[in-house]
Amino acid sequence: MPQGHQDFLREMVQEDLAAGRISGVVTRFPPEPNGYLHIGHAKAVCLNFGIARQFGGQCNLRMDDTNPTKEDVEYVDSITADVKWLIAGWADHCLGMKPVGRLPEKRDLGGREDYYLAPVMSAPDDDGAPGSRESPGGSDAQGQGEALEPFYASDYFEPLYEYALELVRKGKAYVCDHTPAEVDEMRGAPHRPGQESVYRDRTVAESLDLFERMRAGEFPDAARTLRARIDMSAPNVWLRDPVLYRIRHASHHHTGDQWCIYPMYDFAHGLSDYIEGITHSLCTLEFEVHRPLYEWILEALDLPRAHPRQREFARLNMTYTVMSKRKLLRLVQEGHVGGWDDPRMPTISGMRRRGYPAEAIRDFCDRIRVAKSDNMVQVQLLEHCVREDLNPRAPRAMAVLRPLRVVIENYPEGHVEEMEAVNNPEDATMGTRRVPFSRVIYIEQDDFREVPPPKYFRLSPGKEVRLRYAYVIKCTDVVKDPATGDVIEVRATYDPATRSGMNPEGRKVKATVHWVSADHAVEAEVRLYGPLFTVEEPEDVPEGQDFVQSLDQTSLETLTGCKLEPSLAEVVPGAPVQFERLGYFCADSEGSRPGAPVFNRTVTLKDAWARIEKKQGQG
RNA sequence: UGGGGCGUAGCCAAGCGGUAAGGCAACGGGUUUUGGUCCCGUGAUGCGUAGGUUCGAAUCCUGCCGCCCCAGCCA
């Protein structure tokens, strides 16, 4: 359960509210649609929606799509779906979207021109009162059931262009004709001032004319830029006349061929925030040095409404995985994984397919907290959150992944008993089910050792073990493969007096083992997932090496011929189930067929024996 | 050598001048027909470091050390 911890950002929001600087809270989640969302984005989603939720505000989903060459609708669709999934049942009432096709409204505010685009809150699903809700300062509420879409920075290209013109008129921006190489050269170095553009002082009229012709498509890519006139000797390099607009004759996934000039992030972001009435613009630490520019742009214009405030927090890093979109893209493109939604990927879609509940991911984001120091969170915490969420609600079932045949010699041939099994010991309301038991069963290969190591409580020759919900059996003999010497079958006897529920006094058996009746078993494929990398920090690449070299080739293990109890034949893809003593699993959303399920292992159960065994191996 | 940040336990992180929260991990023990869950217990005379201010400092001041970010017409 998310606790809603206090942090320095919430503190700031509270202060702004208390001081009357703002009357409501509007945040935004502004991914660039050039990749799938990952667990690092989930942190930002939880932060921004969490703050909106806590203060009765809203959080706009916005595509930060100012670079046509890297973006694609595939990504806007996946991002939208992932955000909705992640906040479902928690903050959907805070999700700010807008009617499809709606653009900012130009209006007059106290004699000053203003652009504004109000969010429409998506309809709550549960109370039968759908429709939009007008937001503070918003325009007309729209009709019910109207199709909504995310905000797009590219929807603001026209107002942004107007703002740029205004900057030029104020003498705060100019068209520069230097080549990219010249601009680089003249920017100086962190410890050395830059050199002013020779076009810096051309007239307002000339810049205006040139900028209009840039828009009209008169010049080739990179021929000119619009630059802010700030200070070429500023110690902060982002204040050295940064580029505001560049020429790119490229079609855009959302605006098509309407534009051939595109605004840069720094120019577009703060103004997009402003247009949407964002109060708090929360981003990651690397943008901290951009903050003076963010503020300069807003202050350079004569904007009639309150300015958004940018603040920064540390991005999430996690052990045994990579988080950069560039690296994730490579894993996909080079086929190291099956796709963006490969269950081993740290993407939202990958984790969803693997069976991680949204609630668990939110709990994780809550527990890692938000602060400003660089961090490396252990993946074990995420796994803990998944287990904790699943334990009370995942029904239990028995599944044997690596089957070992057991023949119970004194059990009547052809006889079948329906044993009663509890669906979830954590929750009696989940009821019980019947599991068939017969003379030949399968147990896990791991649950039998011909030569048991110390502290091994499971089955071995002459030893007893309890079959969950059934009888105590004793191993009497083994059958070996004459060629390999491997044990291929266990012979055993059962004690009729030990039937589940009627355990005789004084009968102590050290271990209980799961099983599946051979005649009743459902065959299935099961996919086991481990960490994608063999090292804790795969992004920390040694000299001259590539991060893909530390990929773990055994991260996916596909098991076929697994034996499942009959109740598992028909399952809803994605629905969690605990295979007793093994872990949490869910039927794969793509591979499963009725009667022939494919299961993904979401996460293992904690395994005390594995730890003992590991220690024995070391000692 | 410029600017901006950050250093509290293996990891994350509270702390906001009154004597070091919490979670994960780890390690003991109890319960248990899941070696799961649950329950109980164990960790910083110490907060990067050296000084200073103060009755009192993780918190304030100064110096030093370490790590991260910034010189895309990417975001």
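Just so we're on the same page: letters track the sequence lines, and every chain starts at 1. For the numbers below, each heavy atom of this structure counts, side chains included, while hydrogens, waters and symmetry mates do not.
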Worksheet entry | Pair of N/O donor and acceptor under 3.5 Å linking G36(B) base with Glu426(A) side chain | yes
Worksheet item: Tell me: CG of Leu293(A) to P of G72(B), nearest whole Å?
Response: 15 Å
Discussion item. Let's see if you can work this out: which of C12(B), A71(B), G36(B) has an atom nearest to the side-chain heavy atoms of Leu605(A)?
Written reply: G36(B)
Discussion item. Can you tell me how far apart CE (Met398(A)) and CG (Leu564(A)) are? Round to the nearest 0.5 Å.
Written reply: 11.5 Å
Worksheet item: If you check every side-chain atom of Gln378(A), which of U34(B), A75(B), C24(B) has the closest atom?
Response: C24(B)
Discussion item. Check the orientation of Tyr36(A) and Trp340(A). Use parallel for under 30°, tilted for 30 to 60°, and perpendicular for over 60°.
Written reply: parallel
Discussion item. Counting the atoms with a prime plus P, OP1 and OP2 as sugar-phosphate, which does Lys455(A) contact under 4.0 Å by heavy atoms, base, sugar-phosphate, or nothing?
Written reply: base
Worksheet item: Met264(A) has an atom CE; how far is it from atom P of C73(B), in whole Å?
Response: 6 Å
Item to complete: Could you tell me whether the phosphate oxygens of C74(B), OP1 or OP2, come under 4.0 Å of any side-chain nitrogen or oxygen in Arg248(A)?
Response: yes
Discussion item. By the 4.0 Å heavy-atom rule, please label Asp7(A) as base, sugar-phosphate, or nothing.
Written reply: nothing
Fill in: Arg28(A) to Phe151(A) six-membered ring, cation-pi geometry met (6.0 Å, 45°)
no
Worksheet item: Taking the six-membered ring for Trp, does Trp609(A) stack with G35(B) (centroid gap under 5.5 Å, planes within less than 30°)?
Response: yes
Worksheet item: Taking atom P of G35(B) as reference, at what distance in whole Å does atom CZ of Arg449(A) sit?
Response: 14 Å
Discussion item. Distance check needed: U32(B) P versus Arg466(A) CZ, whole Å only.
Written reply: 14 Å
Polar atom pairs between nucleotides 2-6 of chain B and protein, under 3.5 Å, N or O only, would you list them?
unit_1: G2(B); atom_1: N3; unit_2: Pro190(A); atom_2: O; d: 3.3

Discussion item. Are Trp609(A) and Phe457(A) packed together at the side-chain level, in the sense that at least one heavy-atom pair is separated by less than 4.5 angstrom?
Written reply: no
Worksheet entry | Quiz item: Arg367(A) side-chain donor-acceptor pair to G22(B) base, under 3.5 Å | no
Discussion item. Ignoring hydrogens and geometry beyond distance, is the side chain of Arg581(A) in donor-acceptor contact with the base of U34(B) at under 3.5 Å?
Written reply: no
Worksheet item: When all nucleic acid strands are considered with a 4.0 Å heavy-atom cut-off, which category describes Thr69(A): base, sugar-phosphate, or nothing?
Response: nothing
Discussion item. Given 3.5 Å as the limit, does a donor-acceptor pair link the side chain of His254(A) with the main chain of Pro68(A), or not?
Written reply: no
Item to complete: Based on the glycosidic angle (syn within 90° of 0, else anti), state the conformation of G63(B).
Response: anti
Fill in: Atom-to-atom span, CE of Met232(A) to C1' of A71(B) - whole angstrom
10 Å
Worksheet item: Please give, in whole Å, the distance from A13(B) P to Arg369(A) CZ?
Response: 9 Å
Practice prompt. Identify whether any heavy atom of Thr179(A) sits under 4.0 Å from a base atom; if not, whether one sits that close to sugar-phosphate; answer base, sugar-phosphate or nothing.
Written response: base
Worksheet item: Looking across every strand, which nucleic acid part, if any, lies under 4.0 Å from Tyr262(A) by heavy atom: base, sugar-phosphate, or nothing?
Response: nothing
Item to complete: Under 4.0 Å between any heavy atoms, over every strand shown, what does Glu11(A) touch: base, sugar-phosphate, or nothing? Just pick one.
Response: base
Practice prompt. Could you tell me whether Glu312(A) and Arg291(A) have a side-chain N and a carboxylate O separated by less than 4.0 Å?
Written response: yes
Worksheet item: Is there a Watson-Crick or G-U wobble partner for U53(B) with both distances under 3.5 Å, and which nucleotide is it?
Response: none
Discussion item. I'd like to know whether Asp607(A) forms a salt bridge (Lys or Arg N to Asp or Glu O under 4.0 Å) with Arg611(A), so could you lay out the CA-CA distance, the side-chain angles of the two residues, the decisive distance to 0.1 Å, and finally the verdict.
Written reply: CA-CA 7 Å; Asp607(A) 187 349; Arg611(A) 262 177 304 192; over 6 Å; no
Fill in: Closest to side chain of Thr512(A), choosing from C12(B), C24(B), U33(B)
U33(B)
Item to complete: Output yes when at least one side-chain N/O atom of Lys325(A) is less than 4.0 Å from OP1 or OP2 of A75(B), else no.
Response: no
Discussion item. Using a heavy-atom cut-off of 4.0 Å across all strands, would you classify Tyr469(A) as base, sugar-phosphate, or nothing?
Written reply: base
Practice prompt. Give Ala222(A) one of three labels, base, sugar-phosphate or nothing, depending on what nucleic acid heavy atoms sit under 4.0 Å from its own.
Written response: base
Discussion item. If you apply the rule salt bridge (Lys or Arg N to Asp or Glu O under 4.0 Å), what do you find for Glu359(A) with Arg393(A), and how did you get there?
Written reply: CA-CA 12 Å; Glu359(A) 165 77 5; Arg393(A) 60 193 192 83; over 6 Å; no
Item to complete: Assess whether salt bridge (Lys or Arg N to Asp or Glu O under 4.0 Å) is satisfied between Arg499(A) and Glu417(A), documenting all intermediate values.
Response: CA-CA 11 Å; Arg499(A) 191 179 202 276; Glu417(A) 280 181 275; 2.7 Å; yes
Worksheet item: Roughly, in whole Å, what's the span from CG in Asn424(A) to P in U32(B)?
Response: 19 Å
Practice prompt. For Met376(A) and C67(B), give me the distance from atom CE to atom C1', rounded to whole Å.
Written response: 13 Å
Worksheet item: Got a donor-acceptor pair under 3.5 Å from the side chain of Arg396(A) to the base of U34(B)?
Response: yes
Practice prompt. Report yes if a side-chain nitrogen or oxygen of His514(A) is closer than 4.0 Å to either non-bridging phosphate oxygen (OP1 or OP2) of U34(B); otherwise report no.
Written response: no
Item to complete: Searching all strands shown, indicate the nucleotide that pairs with G66(B) (Watson-Crick or G-U wobble; both distances under 3.5 Å).
Response: C6(B)
Discussion item. Within the 4.0 Å heavy-atom criterion, would you say Leu582(A) contacts the bases, only the backbone, or no part of the nucleic acid?
Written reply: nothing
Worksheet, complete the sentence: By the Watson-Crick or G-U definition, both distances under 3.5 Å, A71(B) is matched with none
Discussion item. At 4.0 Å (heavy atoms only), tell me whether Tyr456(A) reaches a base, stays on the sugar-phosphate, or touches nothing.
Written reply: base
Response to the item:
If pairing means Watson-Crick or G-U wobble with both distances under 3.5 Å, then the partner of A26(B) is U42(B)
Item to complete: Report yes if a donor N or O on one partner sits less than 3.5 Å from an acceptor N or O on the other, where the partners are the side chain of Glu388(A) and the base of C24(B); otherwise report no.
Response: no
Worksheet item: Which comes earlier along RNA chain B counting from the 5' end, the contact point of Pro30(A) or that of Arg611(A), where each point is its nearest nucleotide?
Response: Arg611(A)
Worksheet item: Looking at A71(B), C74(B), A14(B), which one has an atom nearest to any side-chain atom of Arg246(A)?
Response: C74(B)
Worksheet item: For Glu312(A), which contact category applies under a 4.0 Å heavy-atom criterion: base, sugar-phosphate, or nothing?
Response: nothing
Discussion item. On RNA chain B, compare the nucleotides closest to Arg468(A) and Ala189(A); which residue's is nearer the 5' end?
Written reply: Arg468(A)
Discussion item. Side chains of Phe579(A) and Leu568(A), heavy atoms from C-beta outward: is any pair under 4.5 Å?
Written reply: yes
Item to complete: Please work out if His290(A) contacts a base, only the sugar-phosphate, or nothing of the nucleic acid, heavy-atom cut-off 4.0 Å.
Response: base
